[in-house]
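One structure is given here, and the rest of the page talks about it.
Excluded from the calculations below are hydrogen atoms, water molecules and symmetry mates; all remaining heavy atoms, backbone and side chain alike, are included.
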Amino acid sequence: MGTPSGRFFAEVEGLRHDLDRTLATGTVSEDQLDRLDEQVLRYRREYMTTPPTPMLCRVMLEISDVRRLSGVRQPSSVQRRLLTATTMLTLLAADALMKLGDTRQAHAWYGTARAASDDVGDLRLRALVRAQQTMLLYYYGDLNETVRLAREARMLAGSAPSSPAALAAAAEARALARMGDGKAARIALAEAEQIFARMRGISQDDLAFVFTEKRMKFYRTGTLIELGDAQQVQGIDGFPPGFQTIDPALILLDQASHLARHGDHEEACRIAADALRQVPAEHRTSIVVTRARALLADADPALPAVRRLRRVLSESSPTLALSGLFPVADAHVAAETAENA
């Protein structure tokens, strides 16, 4: 217990040097991280026009590489960039799985995206994940949960204008409108419009997860349809020619579902058939086919529009069933649809 010797302090100093080297050691270079960021950006751009199945395959390969890099201890700055890339890639995977109708895996991948974004700690990134997940809940889940998650995303996004803030407000408006709360829906839609107007100086690149004018139009039109504001929903043709996503079809299907809920099944089926015809075969996945098929449940099978919708569905469903994109139960319905047609 005497006075420490010079050797003792040398050991203390040596241990600190070893620790510094450990903290600074990593297997990922700046060039690798830059290439990864470029790759994620490219996938976000390609996702706007690429069918979900091949996109999902590409994303899975990239996630495998990122997981390998993340499995080794990296400096915190490197780990943060890897986690950000992981968040974006898992969001792409979740959205693709939603389009393909695999809601169980879509929910699970959104959970992984939330874990990655929470680990990064960036509030706007956390808000983005939750805002994106509202789409899955809106189409396949609980509207109350959609509103709750949208409000959570808005809280995380804060008051500054951003894509997550605008998307969350727009998602809340559309869900509230479908729930019949017209007053709250109009307030939320106005807030989304205000946030988007303040984003004018922010980059509006046509990338996945960027809230562009087309996305604002999509949510605005969907909300107005659910509010029954027919005079303001005549802008579906405003999407540019050749626009290869399913947004225009989803808007038409929203309109068809609204009409069906109010008893106009023939017009609903006519619009749904037109919507499916607009979607290229490689994009005609479960998210549009399932929604169109649901309109047949209460419709008179003798109506010409109903028969036409069945014919259009028969062109889509067998392909999806054979490729394994439908659950087993959906494959049986697909076969039945084809037989009835």
Does NZ or CZ of Arg174 lie under 6.0 Å from the centre of the six-membered ring of Tyr138, at an angle within 45° of the ring axis?
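Geometry flag: set, cation within 6.0 Å and 45°.
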Using a strict threshold of under 4.0 Å (side-chain N to carboxylate O), is an ion pair present between [Y] and [X]?
{"X": "Glu62", "Y": "Arg68", "value": "no"}
{"X": "Arg261", "Y": "Glu226", "value": "yes"}
{"X": "Asp254", "Y": "Arg291", "value": "yes"}
{"X": "Arg35", "Y": "Glu38", "value": "no"}
{"X": "Asp37", "Y": "Arg42", "value": "no"}
{"X": "Glu315", "Y": "Arg310", "value": "no"}

Can you tell me if [X] uses its side chain to pair, donor with acceptor, with the backbone of [Y] under 3.5 Å?
{"X": "Arg80", "Y": "Val120", "value": "yes"}
{"X": "Arg44", "Y": "Ala208", "value": "yes"}
{"X": "Thr285", "Y": "Lys99", "value": "yes"}

Go through the steps to decide whether Arg81 and Asp34 satisfy the test salt bridge (charged side-chain N to carboxylate O under 4.0 Å, His left out), and finish with yes or no.
CA-CA 10 Å; Arg81 289 179 68 178; Asp34 290 342; 3.0 Å; yes
Which residues share a side chain to side chain donor-acceptor pair (under 3.5 Å) with Arg308, sequence neighbours left out
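For Arg308, the residues satisfying side chain to side chain donor-acceptor pair (under 3.5 Å) (neighbours in sequence not counted) are Asp274.
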Between Lys214 and Asp247, is there a side-chain heavy-atom distance shorter than 4.5 Å?
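No, every pair of side-chain atoms sits at 4.5 Å or beyond.
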